[in-house]
Trainee: 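Below you will find the structure I want to go over with you.
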2 protein chains.
Amino acid sequence: MPAKRSPARRPTMKDIARRAGVSESAVSFALNGRPGVSEVTRDRVRRVAEQLGWRPSTAARQLSGEGAATVGLVVARPADTLGVDSFFLQLISGIQEVLAERHLGLLFQVVEDVDAECGVYRRWWAEHRVDGVMVVDPRTDDPRPDLLDELGLPAVVIGGVPDARHPGLSTVWADDAGAMAAVVGQLYALGHRRIVHIAGLPGLAHTERRIRTLRTEAERRGLCEVRSVTTDYSDAEGAAVTRRVLAEDAPPTALVYDNDVMALAGVTAAAELGFAVPADVSVISWEDSALCRMVKPWLSALSRDTVGFGRKAAEELTALLDGGPARTVQVPVPRLIERESTGAALDSQPRPRGSGSAG
Amino acid sequence: MPAKRSPARRPTMKDIARRAGVSESAVSFALNGRPGVSEVTRDRVRRVAEQLGWRPSTAARQLSGEGAATVGLVVARPADTLGVDSFFLQLISGIQEVLAERHLGLLFQVVEDVDAECGVYRRWWAEHRVDGVMVVDPRTDDPRPDLLDELGLPAVVIGGVPDARHPGLSTVWADDAGAMAAVVGQLYALGHRRIVHIAGLPGLAHTERRIRTLRTEAERRGLCEVRSVTTDYSDAEGAAVTRRVLAEDAPPTALVYDNDVMALAGVTAAAELGFAVPADVSVISWEDSALCRMVKPWLSALSRDTVGFGRKAAEELTALLDGGPARTVQVPVPRLIERESTGAALDSQPRPRGSGSAG
DNA sequence: TGAGTGGACTAATGCGCTTGAGTACCTAGA
DNA sequence: TCTAGGTACTCAAGCGCATTAGTCCACTCA
């Protein structure tokens, strides 16, 4: 027995029908803009509905065959990893802009891992809760596309690479490979030959793509002291890896971080070891956020329109919901914005100076 | 006509009834644990249901009087202000932990302002979308409690101060006043007499409470060079205010920032003006996050368990949904964690040294 | 033997909405 | 005058579930 404070009762179509002196069906026709009622009646019904503050009950509507008017988004990341970077809230903001227009709700859930995520999809599907979902953090060897196919749940994969095996899924993606190539190109032009890429979570599709591209680009230029190290995206691991690689005999002269948080943690760690940025080591953040302009030196970063990314994804999903075909759309390649943390490489072998002695 | 890929059909109670050889009512009784069926039948029905992967349709359930099994959360902040601080995603993580257990969905929406937020509540109410809502960022002179009373929508206010005028609302709050008193006390003990509080958005209840407490505490100690300045929480304004107050003839020796982002922007701005932290000016961040340990000097911060805060709030809401009474519960007072950004005040009047000349 | 009792189950209704199948009325054409 | 074809509606069924009011069948006790 739910808490009740005897509030205003919600008006139903029956109320409107009574007040307008027509049948419920007429009200339905009038309100849904379908033929079968005269313009006068339609107007009258509309006015009564508005006056009563009526809104269709999504439950009832759904029960009679329409959708749930809701889309789902589940992110599978531990809580602490989630909070730090600004990506998700930005993305969600963009998604909302589009959904709000169409009066679609967003069902949001955070879970621990992909298995749990699949469980959520199953439940949502069985409970008729959502009409479609947005999938983030696509992985190599990802179980979700197959599942969504099986359930017949319309979905758009955000940040995935186009995948011919799942023609039912839309994909919205940015060309990370192209961006990585540009980064390597620019660092190379600045004279950098030893580059370390502090990557994100190993299973993620875009992580793997960046790693692969880095290797390809390095090989193409004959660089052998170029590599990637995966992390969990946290500031702690970002700092730890930074300390480790800078302590090597021939430390890298450029560091590329897969998010803003690690980049910041990295410059701080580098500074503690006596490495000046960008004099001794250049730093690039893959994510551009307010953070990058809040520290000195300002961080050079790959900038993309995350809000727009979310908007685009939501548009694709609504198109799918309207019965449109699955599509693959590409958003603009992230642009490298050079600020203060990148510069020419030193010719000589850099040696840590100052306080911190590398262990 | 929605996109269909002729997927698996969702099983209904009718399917179960057929397979188990009983009526739909028996299935309902069996599955909802109410009397009217034998234990053998109940078991059999349960087994069939599980085997079929059945889950109750929330829509149908709702239509027959139960709730929507969903709670709502709307945050009214512009997208760019939202992304930066980690508070919301942490809060949501906590909320989810509790909701997931009870199979409650979270309908999430971000809007521009409180008016829009009220509109969302009205719509959700009329559409039967949610059973209750969580209200964040309570304000002085807030229209939302009245509205929620009027709609009879169970709600818990997160971070509000207990309000006797709305006995229907639960409140989960932290004692910001006590925390501010502690901060002032500690700064006073360190010898600080000129303190500026770089506050958040002016309309917010906790902003006003902190400002009021700061003034009270200052008066109690006879300090007249203590004041608050409100901002929009952005790094830009945080930096701007910092620059402005440090350029004064008798600049403050301690700065208290209402979030981590502004605190970070503040120390950077201070450094550019030649102020060393904490030698020339002490800095405290009201929000403790990874950020605070990612910069040198590490930021002293008021730490609270944001995830736990969200958990607590969700628990109160579910209690309300279960028909419990509205309550006011307090979470632990934020604790001041002193790191490297706070220290004793200089006796002498500090003067900017070094590069930056204040304009 | 018949009335009474309680346990196990079925039938029927309603929630708010959509929708296909009518129905009543009007006009036009043969 | 009768029919064909609209138009503007109304009726009734059904979506998946909960729930109230039965129904049927032992079984007990007088």
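Heavy atoms only: backbone and side chains are in, while hydrogens, waters and symmetry mates are out.
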Trainee: In whole angstrom, what separates A:R42's CZ from D:dT7's P?
Mentor: 13 Å
Trainee: Is a donor on one side and an acceptor on the other found under 3.5 Å between the side chain of B:H128 and the backbone of B:A126?
Mentor: yes
Trainee: On DNA chain D, compare the nucleotides closest to B:F29 and B:A60; which residue's is nearer the 5' end?
Mentor: B:A60
Trainee: Quick one: label A:S23 by what it contacts on the DNA or RNA (base, sugar-phosphate, nothing), any heavy atom closer than 4.0 Å.
Mentor: base
Trainee: For A:E97, is there any backbone N or O sitting under 3.5 Å from a side-chain donor or acceptor partner on A:R311?
Mentor: no
Trainee: Want to settle it: does B:V37 or B:L63 sit nearer the 5' end of DNA chain C, counting the closest nucleotide to each?
Mentor: B:V37
Trainee: What contact category does A:Q62 fall into here, base, sugar-phosphate, or nothing, at under 4.0 angstrom with non-hydrogen atoms?
Mentor: nothing
Trainee: Answer yes or no: is there a side-chain heavy-atom contact under 4.5 Å between B:F108 and A:L73?
Mentor: no
Trainee: So what does A:M13 touch, heavy atoms closer than 4.0 Å: a base, only the sugar-phosphate, or nothing?
Mentor: base
Trainee: If I take atom CZ in residue B:R44 and atom P in nucleotide C:dC9, what distance separates them, rounded to the nearest angstrom?
Mentor: 8 Å
Trainee: Taking the side chain from A:S25 and the backbone from A:S23, do they hold a donor-acceptor pair closer than 3.5 Å?
Mentor: no
Trainee: When you check the phosphate oxygens OP1 and OP2 of C:dT18, does a side-chain N or O of A:R61 lie under 4.0 Å from one of them?
Mentor: yes
Trainee: NA contact type, B:V27, heavy-atom cut-off 4.0 Å: base, sugar-phosphate, or nothing?
Mentor: nothing
Trainee: Does B:R34 have a side-chain nitrogen or oxygen under 4.0 Å from the phosphate oxygens OP1 or OP2 of D:dT19?
Mentor: yes
Trainee: Regarding A:S57 and A:R10, do their side chains bring together a donor and an acceptor under 3.5 Å, going by distance alone?
Mentor: no
Trainee: D:dC15, OP1 or OP2 - any side-chain N/O from B:S57 closer than 4.0 Å?
Mentor: no
Trainee: Calculate the interatomic distance between B:E66 atom CD and C:dG14 atom C1'; express it in whole Å.
Mentor: 14 Å
Trainee: What does A:E24 touch in the nucleic acid at a heavy-atom separation under 4.0 angstrom: a base, only the sugar-phosphate, or nothing?
Mentor: base
Trainee: Could you give the CH2-to-C1' distance, from B:W54 to D:dC17, as a whole number of Å?
Mentor: 8 Å
Trainee: Just by distance, do the side chain of B:D131 and the backbone of B:V71 share a donor-acceptor pair under 3.5 Å?
Mentor: no
Trainee: Starting at CZ of A:R55 and ending at C1' of C:dC17, how long is that distance when rounded to a whole Å?
Mentor: 14 Å
Trainee: Measure CZ/B:R10 against C1'/D:dC15 and give the value in whole Å, please.
Mentor: 13 Å
Trainee: Provide, to the nearest angstrom, the distance between the CG atom belonging to A:N32 and the P atom belonging to C:dG20.
Mentor: 13 Å
Trainee: Between B:H128 and B:V22, who's closer to the 5' end of DNA chain C by nearest nucleotide?
Mentor: B:V22
Trainee: Does a side-chain N or O from B:S64 land closer than 4.0 Å to OP1 or OP2 of C:dC15, or not?
Mentor: no
Trainee: Within this structure, what is the CZ-to-C1' distance between A:R18 and C:dG16, rounded to whole angstrom?
Mentor: 13 Å
Trainee: Suppose we call a contact any N or O donor and acceptor under 3.5 Å apart; does that hold for the side chain of A:S25 and the base of D:dC11?
Mentor: yes
Trainee: Examine D:dC9: is either OP1 or OP2 under 4.0 Å from a nitrogen or oxygen in the side chain of A:S38? Give yes or no.
Mentor: yes
